[in-house]
Amino acid sequence: MVPVKTSIPMTFQHLHELLRLELIRRIEQGTLTGTKLAQQAGFQQAHISNFLNKKRSLSLEGLDRVMAAQDLTVDQLLPFDLSALSASSVASGDPMEIVPVISHSAAMESPFATASSIIETVQVSASRLQGNRARPLARRAHWQRFVAVRADAQQAAAMEPILMPGTIAVLDRHYNSLAPYRAHQPTLFAVRSGSALLLRFAEFDEGRMILRPYSRAFPVQLVTMGEGEVPADYIIGRVCILLSEL
């Protein structure tokens, strides 16, 4: 069943996760460390480390302390709207996770979704995300695992009817292997081709990646590996969930 996206109000859980992502971004950029943050906000180092690694949550007071220590406001964290899965999914009680929808270039280049790169967000069943098997490229194992991109008209035309214009593709960026995810079924990947991100089925033969569209009206594309390169260098991630509006 294709989920229907509906607008929902922001919750403190959303704020909690978006604050964590912003702090990780600052640490990744080298402008902050976990130790410095713990000192600024008056927490034990282990407490902050567990928060950053999603092993424990902060209280509302803790959120306030961390945001004050980093001179952050809610407006800086929330310049976008949220989307949700169907009302039936929300009502089921299955925990939800926020996945940022970012540009194609950010999906290819940015280890973490930044506040400025997030176009919107969607909520996805946590169990659907946690059940995915990973095959990460070693140097990307620390990247934010799940991000999403929108399929533009050209992407959708090449993969129609699997993709429709505006379809949101959730990417597992810890799956960078051409090994089929399910036996005897093609795997849909997000692949770098020049400066573009393509959503295609992919194979490898004679030193080249073969990118196959679903529509016969579009040509097969070939990506030649450079010296010392392997397919994983070009695989941004596996498309693990597709969300379309009815």
Side-chain angles (χ1 to χ4, degrees), residues 21 24-34 52-54 99-114 116-119 129-152 154-159 162-163 168-215 218-242:
L21 291 175
I24 289 175
R25 181 188 70 83
R26 295 184 177 196
I27 291 172
E28 182 71 16
Q29 287 186 333
T31 61
L32 182 67
T33 65
L52 294 173
N53 288 290
K54 298 184 71 172
V99 176
V101 180
I102 58 180
S103 69
H104 290 192
S105 60
M108 291 189 291
E109 305 293 346
S110 300
F112 298 95
T114 65
S116 61
S117 70
I118 298 175
I119 301 168
L129 294 178
Q130 294 165 2
N132 286 282
R133 302 190 305 275
R135 286 176 175 262
L137 186 65
R139 66 174 178 272
R140 292 192 207 150
H142 71 289
W143 283 33
Q144 183 177 348
R145 182 173 181 180
F146 297 105
V147 299
V149 296
R150 274 195 182 272
D152 58 27
Q154 186 174 5
Q155 292 274 17
M159 297 302 296
I162 296 174
L163 297 178
I168 292 176
V170 179
L171 310 181
D172 180 356
R173 298 197 299 177
H174 287 187
Y175 199 98
N176 309 114
S177 169
L178 278 179
Y181 191 76
R182 294 184 178 89
H184 311 301
Q185 291 186 21
T187 302
L188 184 58
F189 292 100
V191 181
R192 180 197 304 274
S193 178
S195 61
L197 180 150
L198 300 180
L199 301 175
R200 296 288 193 276
F201 300 128
E203 305 168 12
F204 183 72
D205 185 51
E206 296 184 352
R208 299 178 301 182
M209 285 186 67
I210 305 170
L211 308 183
R212 298 188 183 278
Y214 190 83
S215 171
F218 281 75
V220 169
Q221 293 173 262
L222 302 177
V223 177
T224 301
M225 304 285 101
E227 185 176 354
E229 291 181 329
V230 295
D233 294 319
Y234 291 82
I235 298 174
I236 307 306
R238 182 181 71 88
V239 177
C240 59
I241 299 173
L242 293 173

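Since the model is a prediction, treat every value here as computed from it, not as a measurement. Sequential numbering from 1 along the given sequence is applied to the chain's residues. We use all heavy atoms of the structure for the numbers below, so side chains are in, but hydrogens, waters and symmetry mates are not.
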K.L.:
Stepwise, does the side chain to side chain contact (heavy atoms under 4.5 Å, CB included) test hold for F201 with L188?
P.N.:
CA-CA 5 Å; F201 300 128; L188 184 58; 4.2 Å; yes
K.L.:
Using 0.5 Å steps for rounding, measure from the CG atom of L198 to the CE atom of M209.
P.N.:
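Those atoms lie 10.0 Å apart.
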K.L.:
Which atoms form the tightest heavy-atom contact between R140 and I235, and what is the distance?
P.N.:
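Here R140 and I235 meet closest at NH1-O, 2.7 Å.
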K.L.:
Rounded to the nearest 0.5 Å, what's the gap from OG on S105 to CZ on R192? Could you check?
P.N.:
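Here the rounded value is 10.0 Å.
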K.L.:
Of the non-hydrogen atoms in T187 and P180, which two are nearest, and what is the gap between them?
P.N.:
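Where T187 meets P180 most closely, the heavy atoms are OG1-CA, 3.6 Å.
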K.L.:
Does R133 make a cation-pi contact with Y175, if we ask for NZ or CZ under 6.0 Å from the ring centre and within 45° of the axis?
P.N.:
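Not satisfied by the 6.0 Å and 45° rule.
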K.L.:
Rounded to the nearest 0.5 Å, what's the gap from CG on L178 to CG on D205? Could you check?
P.N.:
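Going from CG on L178 over to CG on D205, the span is 11.5 Å.
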K.L.:
Is the closest side-chain heavy-atom distance between V99 and L129 below 4.5 Å?
P.N.:
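Yes, at least one pair of side-chain atoms sits under 4.5 Å.
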K.L.:
Say you draw a straight line from CD of Q144 to NE2 of H174; how long is it, rounded to the nearest 0.5 Å?
P.N.:
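If we round to the nearest 0.5 Å, Q144:CD and H174:NE2 are 9.0 Å apart.
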K.L.:
Where the side chain of N176 meets the backbone of L137, is there a donor-acceptor pair that is under 3.5 Å apart?
P.N.:
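Yes, N176 side chain to L137 backbone: donor-acceptor pair under 3.5 Å.
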K.L.:
Heavy atoms, side chains only, cut-off 4.5 Å: are I210 and L222 in contact?
P.N.:
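Yes, their side chains come closer than 4.5 Å.
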K.L.:
Before you tell me yes or no, could you show the steps for I236 and R173 under side chain to side chain contact (heavy atoms under 4.5 Å, CB included), namely the whole-Å CA-CA distance, both residues' side-chain angles and the distance that decides it to 0.1 Å?
P.N.:
CA-CA 6 Å; I236 307 306; R173 298 197 299 177; 4.2 Å; yes
K.L.:
Does Y214, at its OH atom, have more than 12 non-hydrogen atoms belonging to other residues, nucleotides or ligands within less than 6.0 Å?
P.N.:
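Check fails, neighbour count at 12 or below.
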K.L.:
Using the rule given for side chain to side chain contact (heavy atoms under 4.5 Å, CB included), can you reason through M225 versus V230, listing the C-alpha separation, both sets of side-chain angles and the distance that settles it, and then say yes or no?
P.N.:
CA-CA 7 Å; M225 304 285 101; V230 295; 5.7 Å; no
K.L.:
Taking side-chain contact (heavy atoms from CB on, under 4.5 Å) as the definition, give me every residue that meets it alongside I27, ordered by chain and number, with sequence neighbours left out.
P.N.:
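So I27 forms a side-chain contact (heavy atoms from CB on, under 4.5 Å) with L32, L52.
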K.L.:
Could you pull out the closest heavy-atom pair between S195 and M108, with the gap in Å?
P.N.:
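Answer, listing the atom of S195 first, then M108: O-CE, 3.3 Å.
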K.L.:
Applying side chain to side chain donor-acceptor pair (under 3.5 Å) to R238 and N132, what does each step give before you reach the verdict?
P.N.:
CA-CA 10 Å; R238 182 181 71 88; N132 286 282; 2.5 Å; yes
K.L.:
Give me the atom names and distance for the closest heavy-atom approach of A107 to W143.
P.N.:
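Heavy atoms only, the tightest pair is O-CZ3, 4.1 Å.
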K.L.:
Rounded at 0.5 Å granularity, tell me how far CD1 in I102 sits from CD1 in I118.
P.N.:
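Between I102 CD1 and I118 CD1, I get 8.0 Å after rounding to 0.5 Å.
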K.L.:
Taking all non-hydrogen atoms of both residues into account, name the closest pair between A106 and S117 and its distance.
P.N.:
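Looking at all heavy atoms of both residues, the closest pair is CB-CB, 4.3 Å.
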K.L.:
Is the shortest distance from a Lys or Arg side-chain nitrogen in D233 or R139 to a carboxylate oxygen in the other one below 4.0 Å?
P.N.:
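Looking at D233 and R139, the cut-off is met.
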K.L.:
Roughly how far apart are F146 CZ and L171 CG, rounded to 0.5 Å?
P.N.:
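One finds 10.0 Å between CZ of F146 and CG of L171.
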K.L.:
Within a reach of under 6.0 Å around CD of E229, are more than 12 heavy atoms found that belong to other residues, nucleotides or ligands?
P.N.:
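Yes - once you tally the heavy atoms of other residues, nucleotides and ligands closer than 6.0 Å, there are more than 12.
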K.L.:
Step by step, work out the side chain to side chain contact (heavy atoms under 4.5 Å, CB included) result for E203 and R208.
P.N.:
CA-CA 8 Å; E203 305 168 12; R208 299 178 301 182; over 6 Å; no
K.L.:
On a heavy-atom basis, which atom in A202 and which in F189 lie closest, and how many Å separate them?
P.N.:
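Result for this residue pair: CB-CD1, 3.9 Å.
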